Chemist: 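Take a look at the following structure, please.
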Amino acid sequence: MKIARPNQTFQIVAHRGLTEDYPENTLIAYKHALMLHIDMLEIDVHYTKDKQLVIIHDDTIDRTSNGKGKVKDYTLEELREFDFGVKRGDAFKGERIPTFDEVLDLVNNFSKKLLIEIKTPSQYPGIEEMIVN
């Protein structure tokens, strides 16, 4: 993928990872985006029934996995049972929903900024503090 920067102040943000080629908001999409000449990686944070921070754009798993329901109604262990890659083809079968800590570990290996978006924070009381901690 060729990325062009029209001027020096222009920032390139990988929104949900490298979603043109990989399942959005998965570790494989993030890893490949981070290997490009981007300035920032954008992620969307929610929390689970057992208050684990996970990375997914929607507040449901319907569109991006083989499951159905709201993220906040599942524990992390339950969410890990769903496949978040299979809808993009067999090559990505087995991709799991990433945790915030897994993404932080990955990003720490690159010199990129992390843009954290909290989706509907009113659904997740205290999520801001959880992210900072």
Side-chain angles (χ1 to χ4, degrees):
M1 169 180 272
K2 183 171 169 51
I3 298 176
R5 202 179 297 273
N7 60 54
Q8 293 293 3
T9 60
F10 191 83
Q11 298 270 306
I12 298 173
V13 179
H15 183 244
R16 303 182 207 171
L18 189 57
T19 59
E20 184 175 313
D21 299 321
Y22 301 93
E24 69 178 60
N25 281 320
T26 60
L27 291 176
I28 192 169
Y30 293 152
K31 180 180 178 185
H32 286 275
L34 288 164
M35 292 189 309
L36 297 175
H37 295 290
I38 64 168
D39 298 297
M40 247 176 263
L41 176 67
E42 182 268 350
I43 64 172
D44 304 293
V45 183
H46 295 261
Y47 68 60
T48 63
K49 185 177 182 178
D50 55 343
K51 303 288 192 282
Q52 300 298 307
L53 295 172
V54 292
I55 310 305
I56 184 171
H57 179 268
D58 304 347
D59 64 349
T60 70
I61 62 172
D62 302 20
R63 185 177 60 82
T64 56
S65 81
N66 62 345
K68 292 199 179 302
K70 290 191 173 281
V71 173
K72 68 179 186 171
D73 292 337
Y74 288 102
T75 65
L76 177 58
E77 185 177 336
E78 291 167 337
L79 284 173
R80 293 287 193 164
E81 297 297 316
F82 297 109
D83 193 317
F84 285 79
V86 71
K87 286 191 173 183
R88 287 295 301 263
D90 287 342
F92 302 110
K93 191 174 182 176
E95 283 295 315
R96 301 291 172 230
I97 191 170
T99 65
F100 183 62
D101 286 342
E102 289 171 333
V103 173
L104 287 180
D105 288 344
L106 176 65
V107 172
N108 280 332
N109 293 315
F110 296 87
S111 59
K112 312 290 182 185
K113 295 176 185 169
L114 185 61
L115 175 60
I116 302 168
E117 182 175 349
I118 302 169
K119 300 306 236 180
T120 55
S122 60
Q123 282 190 152
Y124 305 102
I127 193 170
E128 300 91 343
E129 294 83 15
M130 292 171 67
I131 290 169
V132 170
N133 291 332

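Only heavy atoms go into these numbers, but all of them, side chains included; no hydrogens, no water, no symmetry mates. These figures come from a predicted structure and were not determined experimentally.
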Chemist: Could you measure the distance from the CD1 atom of Ile127 to the NZ atom of Lys51? Nearest 0.5 Å is fine.
Modeler: 10.0 Å
Chemist: Does any pair with a residue in residues 54-76 pass ring pair (Phe, Tyr, Trp, His ring centres under 6.0 Å), and if so which ones, sequence neighbours excluded?
Modeler: Tyr74-Phe82
Chemist: Would you say the side chain of Thr9 lies within less than 4.5 Å of the side chain of Gln11, judging by non-hydrogen atoms?
Modeler: no
Chemist: Between Asp50 and Leu76, is there a side-chain heavy-atom distance shorter than 4.5 Å?
Modeler: yes
Chemist: Sequence neighbours left out, what pairs pass ring pair (Phe, Tyr, Trp, His ring centres under 6.0 Å) with at least one residue falling in residues 91-123?
Modeler: Tyr22-Phe92
Chemist: Hey, does Pro121 have a side-chain heavy atom less than 4.5 Å from the side chain of Glu128?
Modeler: yes
Chemist: Side chains of Asp101 and Leu53, heavy atoms from C-beta outward: is any pair under 4.5 Å?
Modeler: no
Chemist: Do Ile131 and Ile118 have side chains that get closer than 4.5 Å, going by heavy atoms?
Modeler: yes
Chemist: Can you tell me how far CG of Asp39 sits from CD1 of Ile12, rounded to the nearest 0.5 angstrom?
Modeler: 6.0 Å
Chemist: With clusters built from Ile, Leu, Val, Met, Phe, Trp and Tyr whose side-chain heavy atoms come within less than 4.5 Å, directly or transitively, what are the remaining members of the cluster of Val13, listed by chain and number?
Modeler: Met40, Leu115
Chemist: Could you tell me whether a side-chain N or O of Asn25 sits under 3.5 Å from a main-chain N or O of Ile55, the two making a donor and an acceptor?
Modeler: no
Chemist: Among residues two or more places apart or on two chains, list those pairs meeting side-chain hydrogen bond (donor to acceptor under 3.5 Å, both in side chains) that have a residue in residues 105-115.
Modeler: none
Chemist: Restricting to non-hydrogen atoms, name the atom on Lys87 and the atom on Asp62 that form the minimum distance, rounded to 0.1 Å.
Modeler: NZ-O, 2.6 Å
Chemist: Contact between Leu79 and Ile61 at the side-chain level, heavy atoms closer than 4.5 Å - yes or no?
Modeler: yes
Chemist: Between Glu42 and Asp44, what is the shortest heavy-atom contact and its length?
Modeler: OE2-OD1, 2.8 Å
Chemist: Above 12 or not: heavy atoms from other molecules or residues under 6.0 Å from NZ of Lys31?
Modeler: no
Chemist: List the residues meeting side-chain hydrogen bond (donor to acceptor under 3.5 Å, both in side chains) with Asp58, not counting sequence neighbours, and say none if there are none.
Modeler: Arg63
Chemist: With Glu117, which residues qualify under side-chain hydrogen bond (donor to acceptor under 3.5 Å, both in side chains), at least two apart?
Modeler: Lys119
Chemist: Taking all non-hydrogen atoms of both residues, which atom of Ala33 and which atom of Gly17 are closest, and how far apart?
Modeler: CB-C, 3.9 Å
Chemist: For residues 89-98, which residue pairs pass the side-chain hydrogen bond (donor to acceptor under 3.5 Å, both in side chains) check, not counting sequence neighbours?
Modeler: none
Chemist: How would you list all residue pairs meeting salt bridge (Lys or Arg N to Asp or Glu O under 4.0 Å) that involve residues 65-78, not counting sequence neighbours?
Modeler: Asp59-Lys70
Chemist: Please check: side-chain N/O of Ser65 versus main-chain N/O of Gly67, any donor-acceptor pairing under 3.5 Å?
Modeler: yes
Chemist: At their closest point, which heavy atom of Leu106 faces which heavy atom of Leu27, and how far apart are they?
Modeler: CD2-O, 3.9 Å
Chemist: Applying side-chain hydrogen bond (donor to acceptor under 3.5 Å, both in side chains), name anything that partners Tyr124, two or more places apart in sequence or on another chain.
Modeler: His46
Chemist: Identify the two heavy atoms, one from Leu114 and one from Leu104, that lie closest to each other, and give their separation to 0.1 Å.
Modeler: CD2-CD2, 3.7 Å
Chemist: Can Ile97 be reached from Val86 by stepping across I, L, V, M, F, W or Y side chains whose heavy atoms are under 4.5 Å apart?
Modeler: no
Chemist: Any heavy-atom pair between the side chains of Asp21 and Leu18 that's under 4.5 Å?
Modeler: yes
Chemist: Please name the pair of heavy atoms, one in Thr26 and one in Pro98, separated by the smallest distance, quoted to 0.1 Å.
Modeler: CA-CG, 4.2 Å
Chemist: Which value, rounded to the nearest 0.5 Å, describes the distance between Glu102 atom CD and Tyr30 atom OH?
Modeler: 11.0 Å
Chemist: Check whether Thr19 reaches the backbone of Arg16 with its side chain - one donor and one acceptor, N or O, closer than 3.5 Å.
Modeler: no
Chemist: What I'd like to find out is whether the side chain of Thr99 reaches to under 4.5 Å of the side chain of Arg80, using heavy atoms alone.
Modeler: yes
Chemist: Glu81: what forms a side-chain hydrogen bond (donor to acceptor under 3.5 Å, both in side chains) with it, not counting sequence neighbours?
Modeler: none
